[in-house]
2 protein chains.
Amino acid sequence: MSQINTMEDFAKACGVSRPTVSKYFHDASSVRPKTRAKIEEALERYDYSPNIYAINQNRKLTKTIGIVVPHLADPFFAEMARVIEAKLLDAGMSPAMYSAYGDPRKEVEILDGLRAMKPAGVLMAPLGEISDRRALEKFAKAVPTIVFDSRIEGFGEAFIGSDNGSFISQTVDYLVRVAAPPLFFDMATPANPNAIARRDHYVRLMDKLGVEPQIFSVSGRGWKFEEVGFRGALDLLSQGVPDRPVLCSNDRLAMGFLAAAYEKGVRVGRLPTDDLQLASNDDHPLSRYTCPPLTTAAHDYDAVAGLSVRMLLERIEQGSPLRQYKATFFQPRLALRDSA
Amino acid sequence: MSQINTMEDFAKACGVSRPTVSKYFHDASSVRPKTRAKIEEALERYDYSPNIYAINQNRKLTKTIGIVVPHLADPFFAEMARVIEAKLLDAGMSPAMYSAYGDPRKEVEILDGLRAMKPAGVLMAPLGEISDRRALEKFAKAVPTIVFDSRIEGFGEAFIGSDNGSFISQTVDYLVRVAAPPLFFDMATPANPNAIARRDHYVRLMDKLGVEPQIFSVSGRGWKFEEVGFRGALDLLSQGVPDRPVLCSNDRLAMGFLAAAYEKGVRVGRLPTDDLQLASNDDHPLSRYTCPPLTTAAHDYDAVAGLSVRMLLERIEQGSPLRQYKATFFQPRLALRDSA
DNA sequence: CAAATTTATTTGCGCGCGTAAAAAATTGTT
DNA sequence: AACAATTTTTTACGCGCGCAAATAAATTTG
């Protein structure tokens, strides 16, 4: 045998029949140990690997799992995608990662491309308000889809995310204890449903406390949150230092805020000598290394990723859509650091 | 026609023959405008798309281009991958992104998987010293590979990156002008070839200046550079504030350093009232938002990504390996901010 | 050791499309 | 209108493997 190109060739080289080799590649433990040894021995010598295109053409169920996030250059989603990918690999699946990079048209293109790949399932965090809802729903009808982080009603067979209400109530409660009801700092027109929910919860919480909600909303679009936070904080601080703590909708805005405060000479921190207390949400991977380190409410990355993967795999194994839509919200954990 | 599943079905629905439809999908402009109109009209009504597995099985040359980076959760590589992906999409290719997440075994697995996909080519930033050199070289022999950012000798048909010497000489030169020859702060055993080159250049430069090189190397492995920088700086600063500026090998280490300085009450900045000047390299996406904003040498992200893509596409079109290995190094640009 | 059971082999069809060659139809040219 | 040049159709084979049914061999059981 000069050159091993097909499974036929390879089977001959092992002294085993082709269907048996096929079975082996589908599930190595499904053939007798002796046969398996023969195959794996030949595998060493010839480094043959089956043609994935021929395989996937004939299998109705691919081993591919799509991971779709709104923006991979956002460390939160990068970290999320990393954890999910690792868990999928552990389960023997082939993850394929895609990022819409903030563009809803790109999001649809990704789904189109994904559908052509006949994936076993998809784990997706949609862009949010700006997503093409109809396209997403149509996709989820054709491909088992579990949604994480950003919920869109009517899309996907299940949702796994974090409890925005709890984010806000934990951070607000802490700030109230150590200082006063905070000013809420966010983007005026956020695409992300979590951002919207957080603002709503803030208002509700202030109402409950009998305090007038005070919101500073920064205009701006896209995913340059640090820049938005920076501009907004510059604007806010030029009107004087707030007489109460500031709660940022998310850590990336808070980082921009910190940069602006630094530039303005406003000392952020929890000590009596500091000018302003600042808290935030998400526990962005870098929030421990800001100056000062951010007090923030932390996502349970691993729990969200873990349950998302488990639910998708169950759904796939089961072979039929989940009986009913189920939304799971994990509780954040307060990460007390020095900014508030 | 109840359901359009195959190209055969679709061709019938257009009133065109199957080979013509096939030709259309390969190159839409290769069929007569009238025929093209017929096909595109039917495309609207039936939203058929050819089976990618069947296509790729029969084509020797896939349109897939692999993008492989050492760690996607590092904003530098996330940004790099984003730009490269966009450029590939513009060129009509299908990018597939992979991250080794710092693990050399994973890097090899990615390449194995990639080879099975018969990609037209691959753009790769290898892990560096810890990479399985032999596996990489073997891969590059089978698949057109252009290497970017981290150079490994003997691997790939070309290299595009940034000029480490120029990084160091620009930052050092600036620090010498405004203060004094800097202390160099880096990781003791970096995997990345750029880190090694930067330290070498620093030593050479100090020699040229007739100054004793002073290096503070932090032990630590992996990709948690902020943490390493933080620990190292805590250690360094506990011995007293250096009497000269500090130059960090890269921005992520510098961010950790800044956090440590903040904790220690050491004021970093360029003003006379500050205690320490700190400069760095890379122009990490967040380095403008640190406190103080980092003075750093900036990669030309777009130039590196652009040339990498162009060279790979040329190589693919040409159909044969590049006549000779060519390494291109772009000049960094000094980003003067407030940390030094 | 024979029977029952598990596992492997043989055979052969089908997946959806690429592609080549020859024949037919369409278009452009004089 | 007649011819040449281009484009499309027809026909038919091949890609590498999944998968199913029948048969044969190996293993386990009594």
Side-chain angles (χ1 to χ4, degrees), chain A residues 1-43 46-64 94 113 115-120 319, chain B residues 1-43 46-64 94 113 115-118 120:
Chain A
M1 193 79 41
S2 56
Q3 193 64 4
I4 306 275
N5 282 319
T6 76
M7 192 180 274
E8 189 81 53
D9 296 344
F10 180 69
K12 241 172 234 163
C14 319
V16 173
S17 75
R18 187 177 68 79
T20 305
V21 173
S22 171
K23 246 186 112 188
Y24 167 83
F25 277 110
H26 185 67
D27 177 6
S29 69
S30 71
V31 302
R32 206 174 298 163
K34 224 161 146 185
T35 328
R36 180 172 176 173
K38 276 204 274 187
I39 295 176
E40 286 175 345
E41 193 178 304
L43 218 45
Y46 298 102
D47 88 322
Y48 157 84
S49 72
N51 181 313
I52 53 169
Y53 299 111
I55 291 178
N56 287 330
Q57 177 176 17
N58 295 314
R59 259 214 275 270
K60 31 201 150 177
L61 198 73
T62 305
K63 287 231 164 194
T64 303
S94 307
R115 198 170 31 177
M117 293 175 68
K118 296 175 185 172
Chain B
M1 192 82 39
S2 56
Q3 193 66 4
I4 304 277
N5 281 320
T6 76
M7 193 180 273
E8 190 82 50
D9 297 344
F10 180 68
K12 244 171 232 162
C14 317
V16 171
S17 77
R18 187 178 67 77
T20 305
V21 173
S22 171
K23 244 187 116 189
Y24 167 84
F25 277 110
H26 185 65
D27 176 7
S29 69
S30 71
V31 302
R32 209 176 297 164
K34 223 161 145 184
T35 330
R36 180 171 177 175
K38 277 203 275 188
I39 295 176
E40 287 175 347
E41 195 177 301
L43 219 45
Y46 297 104
D47 90 321
Y48 157 83
S49 71
N51 182 312
I52 54 170
Y53 299 113
I55 290 178
N56 286 330
Q57 177 175 20
N58 294 315
R59 260 215 270 273
K60 28 198 152 177
L61 197 74
T62 305
K63 287 233 165 196
T64 303
S94 307
R115 199 169 32 177
M117 292 175 69
K118 296 177 186 173

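Within every chain, numbering begins at 1; the chains are lettered A, B, ... in the order of the sequence lines, protein sequences first and strands thereafter. Hydrogens, waters and symmetry mates play no part in the numbers below; they use all other heavy atoms, side chains included.
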| field | Residue whose closest nucleotide on DNA chain D lies nearer the 5' end, A:Pro50 versus B:Pro33 | value | B:Pro33
| So what does A:Lys38 touch, heavy atoms closer than 4.0 Å: a base, only the sugar-phosphate, or nothing? | nothing
| By salt bridge (Lys or Arg N to Asp or Glu O under 4.0 Å), which residues pair with B:Arg36, not counting sequence neighbours? | B:Glu40
| request: Mind running a 4.0 Å heavy-atom check of residues 17-29 of chain A against DNA chain C and sending the residues that fall below it, in number order? | output: A:Ser17, A:Arg18, A:Pro19, A:Thr20
| What is the distance, rounded to the nearest whole Å, between atom CG of B:Asn58 and atom C1' of C:dC15? | 11 Å
| request: With rounding to the nearest 0.5 Å, note down the distance linking NE2 in A:His26 to NZ in A:Lys63. | output: 6.5 Å
| request: Could you tell me the separation between the CG atom of B:Leu43 and the CD atom of B:Glu41, rounded to the nearest 0.5 Å? | output: 11.0 Å
| Whether A:Tyr48 and A:Phe25 hold their rings parallel, tilted or perpendicular, with breakpoints at 30° and 60° | perpendicular
| task | Provide, to the nearest angstrom, the distance between the CZ atom belonging to A:Arg36 and the P atom belonging to C:dA8. | result | 12 Å
| Gap between atoms CD1 and P, on A:Ile39 and C:dT7 respectively (whole Å) | 14 Å
| message | Output the rounded distance in Å from OH (B:Tyr53) to P (C:dG18). | response | 16 Å
| request: Decide yes or no for B:Asn51 and A:Lys118: does some side-chain heavy atom of the first lie under 4.5 Å from some side-chain heavy atom of the second? | output: yes
| request: Consider the side chain of A:Arg32, meaning its heavy atoms from C-beta on, and name the nucleotide among C:dG14, C:dT7, C:dG18 that approaches it most closely. | output: C:dT7
| Just the endpoints, please: which first and last nucleotides of DNA chain D, 5' to 3', lie under 4.0 Å from a heavy atom of chain A? | D:dG16 to D:dT27
| On DNA chain D, nearest-nucleotide positions of B:Gln57 versus B:Thr35: which is more 5'? | B:Thr35
| Roughly how many Å is it from CE in B:Met7 to P in C:dC15, rounded to a whole number? | 16 Å
| query | Is there a donor-acceptor contact under 3.5 Å from the side chain of A:Thr6 to the main chain of A:Glu8? | reply | yes
| field | Separation between CD1 of B:Ile52 and CD of A:Gln57, rounded to the nearest 0.5 Å | value | 11.0 Å
| task | Report the distance from atom CD1 of A:Ile55 to atom OH of B:Tyr53, rounding to the nearest 0.5 Å. | result | 11.0 Å
| request: Give the minimum heavy-atom separation between B:Val16 and B:Lys38, together with the two atoms involved. | output: CG2-CE, 4.1 Å
| query | In whole Å, what is the span from the CG atom of A:Asn56 to the C1' atom of C:dG16? | reply | 13 Å
